[in-house]
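Read through the structure below, which is laid out as structure tokens, and then see the notes.
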2 protein chains.
Amino acid sequence: MSERVVPPTARQRRRPTKQGVVLSEALIVETALRLIEEHGADALSVRRLGRALGADPSSLYRYFRHTDDLMLAIADELIGRTLRTWRPTGDWRADLRDLGLRMHAGALAHPRAAVLSSYRVTGRAYEIQAVETILGVLRRAGFPDAEAVRIYHVFVDQALAHGALDSASLAMPKAAREAEAAVWRATYARLPADTHPHIAATARHLVADMPHSSYPAALDLLLSAAAARLAENRPRAARPTVTLDTSVNTAP
Amino acid sequence: MSERVVPPTARQRRRPTKQGVVLSEALIVETALRLIEEHGADALSVRRLGRALGADPSSLYRYFRHTDDLMLAIADELIGRTLRTWRPTGDWRADLRDLGLRMHAGALAHPRAAVLSSYRVTGRAYEIQAVETILGVLRRAGFPDAEAVRIYHVFVDQALAHGALDSASLAMPKAAREAEAAVWRATYARLPADTHPHIAATARHLVADMPHSSYPAALDLLLSAAAARLAENRPRAARPTVTLDTSVNTAP
DNA sequence: ACCTGAACACCGTTCAAGT
DNA sequence: ACCTGAACACCGTTCAAGT
């Protein structure tokens with residue numbers, strides 16, 4: 001959505017702001033991204049953005065109807081940047097793994113844009129390009145159409161959802177993050193085996209695993225499941241019996 | 001975290017507020033849940049909650065240090081409610097599927113609590129009970145300890161992450177949700193096959209699939225991957241060759 | 001011992017008025 | 001044509017003062 005409010009023809013004749021800045025959708029998106037990268041996701045507000053641009057906050061409403069529309073423009077720019085640096089190899093599984101990690105990193109840095117783009121569709125250029133690219137990887141791998149869409153949907157939502165979640169964790173002050181990890185060591189790792197046998201038996205792994213993002217594991221499980229389905233759907237004769245064994249990645 | 005600030009011994013002697021309400025942690029959590037259920041997640045603010053309780057907003061800081069601590073108390077209460085209504089059957093896969101759907105529904109209704117409890121650990125009673133229960137299901141199914149923790153982590157984060165995401169979608173006005181679905185029909189479904197072959201080939205499925213939550217599909221793929229790993233890890237002789245075929249659930 | 005009231009430092013968004 | 005300034009209706013949180 002988020003069409004520009006200023007008609008394109010009027011763009012050249014625009015007068016600069018007090019401080020001499022010429023506003024534009026691209027400049028606003030760029031400045032917003034810089035603001036987030038320098039001061040964190042919470043630093044982005046209409047008022048701060050106005051200040052950073054040297055313009056009155058209210059002038060932004062000429063370019064974006066709501067803050068959400070600005071976030072969608074940011075999201076599309078991020079999709080573009082992610083695709084630009086991604087180099088497919090032709091191995092669908094490795095390619096999706098790489099792309100997933102890149103999307104997750106992008107969502108981690110811009111959680112509000114990630115949440116929005118998970119349930120809103122912009123119809124913008126980069127978004128369309130991403131849909132076409134990912135569907136292409138899946139269909140060339142041999143997934144039937146319905147299956148390709150299903151896996152595309154899960155793949156994208158998983159990267160965005162985990163990214164948004166993990167960013168909240170990363171935004172905590174370092175001391176608070178360490179305090180969280182300490183609860184696993186101090187509370188969970190000390191529960192007696194007679195009342196909590198399963199926690200007691202796995203305490204070592206809980207302490208090691210829980211303070212980290214579950215995204216890489218989630219991504220690998222998704223790709224495993226997809227690979228297994230691909231093997232199942234192939235005609236019996238053509239199905240290589242080794243595929244499953246090699247495709248399941250072993251935990252460290 | 002979120003220990004109560006009022007020492008428990010002082011709780012009986014507390015004076016009622018102007019309107020005669022006796023504040024307590026339990027009453028605050030209950031009222032907050034009612035507020036969210038009646039008016040949506042955005043309706044919860046310290047000021048509104050104070051109004052609903054008939055107390056000054058600032059009085060809540062006697063029971064919770066920050067809004068986050070209130071959200072964690074809400075999260076633990078929700079975990080308790082989810083576990084209370086869940087009836088395990090002994091079939092690990094069906095049990096986790098049922099629990100996942102329940103957790104997702106809870107996170108959907110209380111996204112802020114879901115996001116928080118995904119990266120913060122409370123050490124509260126219901127949380128511990130949930131960890132013990134889910135690990136128990138996985139270990140009894142035969143997963144080795146490291147694997148059980150890994151899958152536990154992915155399972156919980158997936159339910160919370162997708163729930164938080166889907167709630168944002170559900171919070172949109174109905175007209176806006178329909179407008180989103182229309183973009184898939186009007187923009188994506190009309191892209192020509194020569195420039196966008198993969199979108200064109202799958203347009204029918206995109207239109208049908210994308211406006212809905214990807215959580216059920218994500219959950220089924222996770223359980224499929226877990227079942228496959230279980231089969232792989234078993235000694236060759238004991239591995240039933242049919243397991244994989246029946247465990248892969250076929251798309252509608 | 002508990003709660004209030006006022007204050008502080010913020011938000012997003014609208015719209016008449018200015019240049 | 002574009003931007004500003006003031007206003008509206010909100011936030012979370014702190015702390016001295018009241019009962």
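Quick note: numbers below take in every heavy atom, side chains included, and nothing from hydrogens, waters or symmetry partners.
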Please report the distance, rounded to the nearest Å, between [atom1] in [X] and [atom2] in [N].
X       : N      : atom1 : atom2 : result
A:Arg65 : C:dG12 : CZ    : C1'   : 16 Å
A:Leu49 : C:dC10 : CG    : P     : 16 Å
B:Glu25 : C:dC2  : CD    : C1'   : 17 Å
A:Ile28 : D:dC2  : CD1   : C1'   : 12 Å
B:Asp69 : D:dT13 : CG    : P     : 9 Å
B:Phe64 : C:dC3  : CZ    : P     : 13 Å
A:Arg62 : C:dA16 : CZ    : C1'   : 13 Å
A:Leu53 : D:dC2  : CG    : P     : 16 Å

Next item on the list: Run the salt-bridge test on A:Asp68 and A:Arg112 with the 4.0 Å N-O cut-off and return the result as yes or no.
Entry: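 Judged by the 4.0 Å cut-off on N to carboxylate O distance, A:Asp68 and A:Arg112 do not form a salt bridge.
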
Notebook entry, point to check: Under a 4.0 Å N-O cut-off, is there an ion pair linking B:Arg81 with B:Glu77?
Noted result: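 Looking at B:Glu77 together with B:Arg81, the answer is yes, because their closest N to O distance falls below 4.0 Å.
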
Next item on the list: Kindly assign one of parallel, tilted or perpendicular to the pair B:His104 and B:Tyr215, based on the angle between their ring planes and the thresholds 30° and 60°.
Entry: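 Because their plane-to-plane angle is under 30°, the rings of B:His104 and B:Tyr215 count as parallel.
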
So, is [X] near the phosphate of [N], with a side-chain N or O under 4.0 Å from OP1 or OP2?
X       : N      : value
A:Arg48 : C:dC10 : no
B:Arg47 : D:dA9  : no
A:Ser59 : D:dC2  : no
B:His66 : D:dT13 : yes
B:Tyr63 : C:dA1  : no

Check: Given that both distances must come in under 3.5 Å, which nucleotide forms a Watson-Crick or G-U wobble pair with C:dA1?
Finding: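 The answer is D:dT19, by the H-bond criterion.
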
Margin query: For C:dT14, give the paired nucleotide (Watson-Crick: N1-N3 plus N6-O4 or O6-N4; G-U: N1-O2 and O6-N3; both under 3.5 Å), or none.
Written below: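 Checking every strand shown, C:dT14 finds its partner in D:dA6, with both distances under 3.5 Å.
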
Notebook entry, point to check: So which nucleotide from D:dC3, D:dG12, C:dT13 ends up closest to the side chain of B:Val46?
Noted result: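 From the listed options, D:dG12 comes nearest.
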
Next item on the list: Choose from C:dT14, C:dT4, C:dC3 the nucleotide whose nearest atom is closest to any side-chain atom of B:Asp56.
Entry: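 When the side chain of B:Asp56 is considered, C:dT4 is the closest of C:dT14, C:dT4, C:dC3.
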
Notebook entry, point to check: Nearest nucleotide by nearest heavy atom, which residue falls closer to the 5' end of DNA chain C, A:Ser58 or A:Arg51?
Noted result: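 Mapping each residue to its closest nucleotide by heavy atoms, the 5'-most match is A:Arg51.
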
Note to self: Any donor-acceptor pair under 3.5 Å linking the side-chain atoms of B:Asp166 with those of B:Ser213?
What the structure shows: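 B:Ser213 vs B:Asp166: donor-acceptor pair found between side chains.
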
Margin query: Enumerate the side chain to side chain donor-acceptor pair (under 3.5 Å) contacts for residues 125-134 of chain A, please, sequence neighbours excluded, ordered by first and then second residue.
Written below: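 Residue pairs with at least one partner in residues 125-134 of chain A: A:Arg84-A:Tyr126, A:Thr122-A:Glu127, A:Glu127-B:Tyr188.
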
